[in-house]
Trainee: 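Please read through the structure below; I'll follow up with questions.
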Number of protein chains: 2
Amino acid sequence: MERRPITTVDVVLLTLHASHLAVALSVRTSEPFKGRLALPGGYVHVEHDHDALQAARRVLEEKTGVAAPYLEQLFTFAGASRDPRGWSVSIAYYALVPLSALKSAEAGAISFVAVDEIGQLPFDHSQIVAAAVQRVRDKSAYSSLPCYLLPGRFTLAELQATYEQVIGEKLDKSSFRRKLAALDFVEPVRGEVRSGAHRPAQLYRARRPKGLVVFDKTM
Amino acid sequence: MERRPITTVDVVLLTLHASHLAVALSVRTSEPFKGRLALPGGYVHVEHDHDALQAARRVLEEKTGVAAPYLEQLFTFAGASRDPRGWSVSIAYYALVPLSALKSAEAGAISFVAVDEIGQLPFDHSQIVAAAVQRVRDKSAYSSLPCYLLPGRFTLAELQATYEQVIGEKLDKSSFRRKLAALDFVEPVRGEVRSGAHRPAQLYRARRPKGLVVFDKTM
DNA sequence: GTAATAGTGTCTCTCAGACAGTATGTC
DNA sequence: GACATACTGTCTGAGAGACACTATTAC
């Protein structure tokens with residue numbers, strides 16, 4: 001029989017924290033790198049996990065208490081030198097959640113670090129985070145992905161700010177709304193508005209049956 | 001110690017064969033599914049492979065004799081029920097090569113099957129092929145990926161035909177060339193032309209330093 | 001009234017699609 | 001000359017960017 005590599009699942013949980021894209025890190029409870037901040041992750045449990053996606057969901061749930069609405073496989077990092085225990089395979093996933101879904105977890109063992117301020121992480125986790133951020137930035141330019149960073153109801157101004165934050169450039173309000181109307185993946189919620197010090201704004205929600213919508217052009 | 005899953009690498013080698021996108025399959029020489037056509041693949045060799053990409057290159061080289069110019073990780077298929085031997089991880093890669101690079105291998109144990117005519121393959125290999133084809137079609141619409149399906153020199157008509165074949169729709173010649181000129185990832189080879197029964201066509205090649213070029217818009 | 005944010009209208013310029021036209025080879 | 005393929009020019013309509021305008025609230 002072949003010698004088999006270690007197989008783990010790691011999750012890059014991203015959210016908008018103080019208007020910046022941030023990643024959730026947890027303190028490692030076992031060696032190697034015990035006590036250090038790292039991506040939530042764990043072994044694949046051959047006896048209990050049916051497949052890799054389910055293992056990722058389990059790990060995310062165990063470590064952060066969150067059932068992420070968006071969870072997608074990112075990349076598999078595998079090699080001899082990424083883990084001191086030897087040849088290892090990490091099937092990496094990334095998840096997007098609104099910050100509001102994490103308020104309870106924040107009290108726990110989870111820390112949020114802005115993606116631009118991450119130092120060195122154990123293993124190749126810095127690389128994994130960089131790959132996830134890259135993917136989210138790229139994909140957000142031509143899909144409805146940023147919706148998953150917002151709570152159930154949001155104004156168009158908030159949606160636009162989220163896009164701008166994630167893809168890193170200013171967008172024209174008029175063009176943005178024209179495209180939204182054409183793409184039709186958000187809908188107004190009749191009767192609900194956000195009141196502030198000024199003119200109230202119509203609240204919108206993501207259209208349910210659509211899921212992730214991918215465009216031809218960019219935002 | 002955790003029970004560890006089996007870890008393998010599988011490669012979807014794609015090429016243009018008789019104007020159709022085709023996948024290279026090889027006959028399995030060991031159980032399970034011995035004697036059946038399946039994707040070239042093999043165990044990760046913990047002692048010799050430094051990482052997963054290198055394992056994929058080795059497998060491709062061993063089974064097809066080809067050093068593919070384009071080789072990229074596709075997706076990792078992992079679960080309890082995809083392999084009769086038990087919980088397994090397949091890190092799937094896809095490669096693109098010009099048919100001319102495969103002429104020697106064709107005599108060997110490799111068969112080409114048009115991607116639209118693939119029946120049931122062992123394991124979840126049908127799914128893996130489908131994912132690779134999907135990826136190539138999508139990515140070809142907004143990148144120079146199809147160049148890797150052509151030999152070193154090609155005419156613009158051949159390049160256009162390749163794009164049309166892969167993405168599955170007719171393109172306007174004038175628009176196509178305008179975009180090519182703007183994107184600037186191919187260059188004419190001075191003095192080289194393809195002569196036929198009629199007006200000879202200028203030969204082009206992919207610009208060396210560029211590698212894969214990704215566009216904002218689609219072809 | 002003013003300030004501030006929400007939301008709409010419109011002008012212009014770019015560019016992709018469509019298609020016709022010219023160029024250059026074989027026979 | 002005819003014919004086939006290579007290559008280029010031009011017209012037009014759709015749409016994106018830019019920016020100004022109107023709307024509705026609090027004070």
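Convention: sequence-line order gives letters A, B, ...; per-chain numbering from 1. Computed from a predicted structure; not experimentally measured.
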Trainee: For the ring pair A/F185 and A/F215, is the centre-to-centre distance below 6.0 Å?
Mentor: yes
Trainee: To the nearest angstrom, how far is A/F215 atom CZ from D/dA16 atom P?
Mentor: 12 Å
Trainee: In whole angstroms, how far is the P atom of C/dG7 from the CG atom of A/L159?
Mentor: 12 Å
Trainee: How many whole angstroms separate atom CG of B/D172 from atom C1' of C/dA18?
Mentor: 6 Å
Trainee: Between D/dG17 and A/S175, is there an OP1 or OP2 to side-chain N/O distance shorter than 4.0 Å?
Mentor: yes
Trainee: Is the side chain of B/E158 donor-acceptor paired with the backbone N or O of B/T155 at a distance under 3.5 Å, no angle test?
Mentor: yes
Trainee: With hydrogens left out and only the distance checked, is there a donor-acceptor pair under 3.5 Å joining A/K173's side chain and the base of C/dG7?
Mentor: yes
Trainee: To the nearest angstrom, how far is B/M219 atom CE from C/dA16 atom C1'?
Mentor: 12 Å
Trainee: Check the distance between C/dA18's P and B/R177's CZ and give it to me in whole angstrom.
Mentor: 17 Å
Trainee: Calculate the interatomic distance between A/E169 atom CD and D/dA16 atom C1'; express it in whole Å.
Mentor: 14 Å
Trainee: For the side chain of B/R178 and the base of C/dG17, is some donor closer than 3.5 Å to an acceptor across the two?
Mentor: yes
Trainee: Nearest nucleotide by nearest heavy atom, which residue falls closer to the 5' end of DNA chain C, B/F176 or B/G196?
Mentor: B/F176
Trainee: Quick check on DNA chain D: between B/A157 and B/K217, whose nearest nucleotide comes earlier from the 5' end?
Mentor: B/A157
Trainee: With no angle test and no hydrogens, is the base of C/dG9 tied to the side chain of A/S174 by a donor-acceptor pair under 3.5 Å?
Mentor: yes
Trainee: With nearest nucleotides of DNA chain C determined for A/T155 and A/A197 from heavy-atom distances, which residue corresponds to the more 5′ nucleotide?
Mentor: A/A197
Trainee: Salt-bridged, B/E61 to B/R57, with N to O below 4.0 Å?
Mentor: no
Trainee: Regarding B/R205 and B/E192, does a basic nitrogen lie under 4.0 Å from an acidic carboxylate oxygen?
Mentor: no
Trainee: Quick check against the 3.5 Å criterion: does A/S144 have a side-chain atom that pairs as donor or acceptor with the backbone of A/V213?
Mentor: yes
Trainee: Rounding to an integer number of Å, can you tell me how far A/D216 CG sits from C/dA16 P?
Mentor: 13 Å
Trainee: Distance check needed: D/dT24 P versus A/R199 CZ, whole Å only.
Mentor: 6 Å
